[in-house]
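To keep things clear, I will list the structure first and then write my remarks on it.
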Amino acid sequence: MENEGTIMQATFTLKGQEFMCIDSNVKHEFTFTPSFSIYVTTCNTEDEIRNLYQRLNEGGQALMPLGDHGFCKKFGWLNDRFGVSWQLNLLK
């Protein structure tokens, strides 16, 4: 029996895209790394990407601040407070 309040498997939907998360009771020697990122390309406005970046960055770590990095108008890369890596790209 698992500890009460723990999640072994969960699904969530973000802007119509479904994601699944799983946990393992096996002890691993690795953690999250930015080598795997959730790449979000559904931000349509500067306000939307700025708000999403700020919310994900609360308690997290900026890897590339939100800005014009030459390959797109507005891009940001960060690890959220759980260590999950996110790349955000403004469509327009």
Identify the heavy atoms of [X] and [Y] that sit nearest to each other, and give their distance.
X     : Y     : answer
Trp86 : Val84 : CD1-O, 3.2 Å
Asn57 : Ala62 : OD1-N, 3.5 Å
Gln87 : Ser37 : NE2-OG, 3.3 Å

Let me confirm one number: the [atom1]-[atom2] distance from [X] to [Y], rounded to the nearest 0.5 Å.
X     : Y     : atom1 : atom2 : result
Ile38 : Ser85 : CD1   : OG    : 8.5 Å
Trp77 : Gln61 : CH2   : CD    : 11.0 Å
Glu58 : Asp80 : CD    : CG    : 11.0 Å
Lys73 : Ile49 : NZ    : CD1   : 10.5 Å
Asp47 : Asn44 : CG    : CG    : 12.0 Å
Gln54 : Arg50 : CD    : CZ    : 7.0 Å

Shared hydrophobic cluster, Leu52 / Leu63 (ILVMFWY, side-chain heavy atoms < 4.5 Å):
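Unlinked, Leu52 and Leu63 end up in two clusters.
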For the hydrophobic clusters of this structure (ILVMFWY residues joined by side-chain heavy atoms under 4.5 Å, transitively), does one cluster hold both Leu56 and Leu14?
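Leu56 and Leu14: one cluster.
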Short question: side chain of Thr45, backbone of Glu48 - any donor-acceptor pair under 3.5 Å?
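Yes; judged by distance alone, with no hydrogens or angles, the pair exists.
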Of Asn89, Leu88, Leu66, Asp68, which meets side chain to side chain contact (heavy atoms under 4.5 Å, CB included) against Lys74?
Leu66
After noting the C-alpha distance and the side-chain angles of Phe19 and Thr11, does the key distance pass the side-chain contact (heavy atoms from CB on, under 4.5 Å) rule?
CA-CA 6 Å; Phe19 294 86; Thr11 59; over 6 Å; no
Once ring pair (Phe, Tyr, Trp, His ring centres under 6.0 Å) is applied, what residue pairs with a partner in residues 38-73 remain, sequence neighbours excluded?
Phe71-Phe75
